[in-house]
Amino acid sequence: MPFETIDVKPVTATIGAEVFGIDLGRPLGNQQFQEVHDALMAHQVLFFRDQKLSFAQHKAFGRLFGELHIHPNTPGPEGHPEILPIHADANSKRISGERWHSDVSCDPEPPMGSILNLKTVPPVGGDTIFASMYAAYDALSKPMQTFLSGLTAIHDGSMNYTRTNRLIGAEGPKTFPRAEHPVIRTHPVTGRKALYVNRGFTRALVGVPRDESDGILRYLYEHMENPLFQCRFRWRENSIAFWDNRCVQHRAMWDYWPHTRFGNRVTVKGDRPV
């Protein structure tokens with residue numbers, strides 16, 4: 001795909017691209033915004049280097065793609081509820097995103113995309129791995145695709161967020177989002193089909209006996225974690241990753257303890273999966 005205002009270099013043939021020649025802290029012209037959007041649709045996750053964004057700049061870039069989402073368990077700092085702090089250090093008992101997941105898929109209308117800007121990175125480790133759910137779906141046999149296409153699954157935030165709050169000693173909300181989504185969703189822009197269940201939030205297949213549901217989901221989780229569907233991003237200070245939650249899962253590696261990893265994320269609202 002030709003671009004005139006940015007330079008896009010794929011990371012793999014399946015997923016991921018680095019984008020050069022752009023300052024996300026400045027307002028984007030119509031053509032440059034469209035090219036970033038098109039690159040995201042083509043590559044599913046984009047990586048940017050040397051981006052020093054304030055809260056206001058970070059939110060302004062996110063709002064180009066839609067209304068911003070407020071996290072159901074971790075609202076942002078005062079005056080910036082749309083900012084999700086990402087922090088781990090020697091005293092942390094957990095990190096954000098240490099299991100494969102699609103962000104807040106338990107929402108009735110899960111986020112369209114997430115934009116993470118890391119300010120401080122560890123000297124070693126701390127990569128994020130991204131997996132293409134397009135590729136995961138395409139690699140299934142035709143009979144399995146047909147079988148899964150008629151199924152829905154329950155996504156529930158209770159277990160994930162309750163565990164988090166217990167580990168960090170936080171009170172947290174009393175209730176969390178819960179929703180039913182198709183196991184195979186169709187991307188509203190590209191029209192491509194993607195596998196849409198994940199270890200972080202999916203609890204059971206609807207209308208399927210529990211033992212069968214557990215077995216099918218276990219197979220799908222192992223299938224979607226195939227390295228052939230993945231790319232891996234090595235962070236540097238002031239890097240940004242922008243991923244499409246509708247067709248991408250990710251996992252943050254906690255292989256840098258006791259070092260510090262810190263940044264902020266804004267998340268763009270999405271629509272109901274179909």
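In what follows, residues are counted from 1 in the order of the sequence shown. Values reported hereafter were calculated over all heavy atoms of this structure, with side chains retained and with hydrogens, waters and symmetry mates removed.
- Residue Trp254 qualifies as enclosed at atom CH2: its count of foreign heavy atoms under 6.0 Å is above 12.
- Contact annotation: the side chain of Phe262 approaches that of Asn264 to within less than 4.5 Å [non-hydrogen atoms, C-beta and beyond].
- Ring planes of Phe176 and Tyr161: tilted class, angle from 30 to 60°.
- A salt bridge does not link Glu109 with Lys269: none of the charged nitrogens is closer than 4.0 Å to a carboxylate oxygen.
- Counting non-hydrogen atoms of neighbouring residues, nucleotides and ligands closer than 6.0 angstrom, the CG atom of Asn30 reaches no more than 12 such neighbours.
- When every heavy atom of Trp257 is checked against every heavy atom of Asp89, the shortest pair comes out as CD1-O, 3.9 Å.
- Taking the six-membered ring wherever Trp is involved, the centroid distance between the rings of Phe65 and Phe33 falls below 6.0 Å.
- A salt bridge links Glu82 to Arg63: one of the charged nitrogens lies within less than 4.0 Å of a carboxylate oxygen.
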(message) Apply ring-ring contact (aromatic ring centres under 6.0 Å, His included) to residues Phe3 and Phe20 and explain how you reach the verdict.
(response) CA-CA 11 Å; Phe3 297 99; Phe20 302 91; over 10 Å; no

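- Shown here for Phe242 and Gly113, the closest heavy-atom pair between the two residues is CE1-CA, 4.3 Å.
- Atom OG1 of residue Thr267 and atom CG of residue Leu116 lie 9.0 Å apart, to the nearest 0.5 angstrom.
- A distance-only check finds a donor-acceptor pair linking the side chain of Lys119 to the backbone of Leu53 [under 3.5 Å].
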(request) Dump the intermediate steps for side chain to side chain donor-acceptor pair (under 3.5 Å) on His187 and Asp244, then the final yes or no. (result) CA-CA 10 Å; His187 196 286; Asp244 188 335; 2.8 Å; yes

(request) Kindly indicate, with the supporting measurements, whether the criterion salt bridge (charged side-chain N to carboxylate O under 4.0 Å, His left out) is fulfilled by Glu225 and Arg199. (result) CA-CA 11 Å; Glu225 293 165 12; Arg199 291 186 186 272; 2.6 Å; yes

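- A donor-acceptor pair under 3.5 Å is formed between the side chain of Gln145 and the backbone N or O of Tyr137.
- Under a 3.5 Å cut-off, the side chain of Asn117 and the backbone N or O of Ser239 do form a donor-acceptor pair.
- Within a 6.0 Å radius of CZ in Arg26, other residues, nucleotides and ligands contribute 12 heavy atoms or fewer.
- Of the possible polar contacts, one joining the His181 side chain to the Ser105 backbone as a donor-acceptor pair under 3.5 Å is found.
- Counting only heavy atoms from C-beta outward, the side chains of Ile22 and Leu28 approach each other to under 4.5 Å.
- With hydrogens and angles left out, the side-chain atoms of Asp107 and His69 include a donor and acceptor closer than 3.5 Å.
- In terms of modelled atom types and a separation under 3.5 Å, the side chain of Glu35 and the main chain of Thr5 share a donor-acceptor contact.
- Taking a cutoff of 4.0 Å between a charged side-chain nitrogen and a carboxylate oxygen, Asp214 and Arg218 do not qualify as a salt bridge.
- In this structure, Ser102 contributes its side chain and Asn245 its backbone to a donor-acceptor pair below 3.5 Å.
- Judged purely by atom type and a 3.5 angstrom limit, Arg261 has no side-chain atom pairing as donor or acceptor with the backbone of Val121.
- Judged by distance alone, the side chain of Tyr134 and the main-chain N or O of Lys193 form no donor-acceptor pair under 3.5 Å.
- For the pair Gly126 and Arg234, the tightest heavy-atom approach, listed with the atom from each and the gap, is N-NH1, 4.4 Å.
- The main-chain N or O of His58 is never found under 3.5 Å from a side-chain atom of Gln51 such that the two would form a donor-acceptor pair.
- Using cut-offs of 30° and 60° for the angle between ring planes, the Phe130 and Trp243 rings count as tilted.
- Without hydrogens or angle criteria, Ser213 side chain to Leu205 main chain gives a donor-acceptor distance under 3.5 Å.
- Ala204 and Leu217 get closest at one heavy-atom pair: CA-CD1, 3.9 Å.
- Smallest separation of non-hydrogen atoms from Val36 and Ile6: N-CD1, 4.0 Å.
- A donor and an acceptor atom, one from each side chain of Gln34 and Asp38, are located under 3.5 Å apart.
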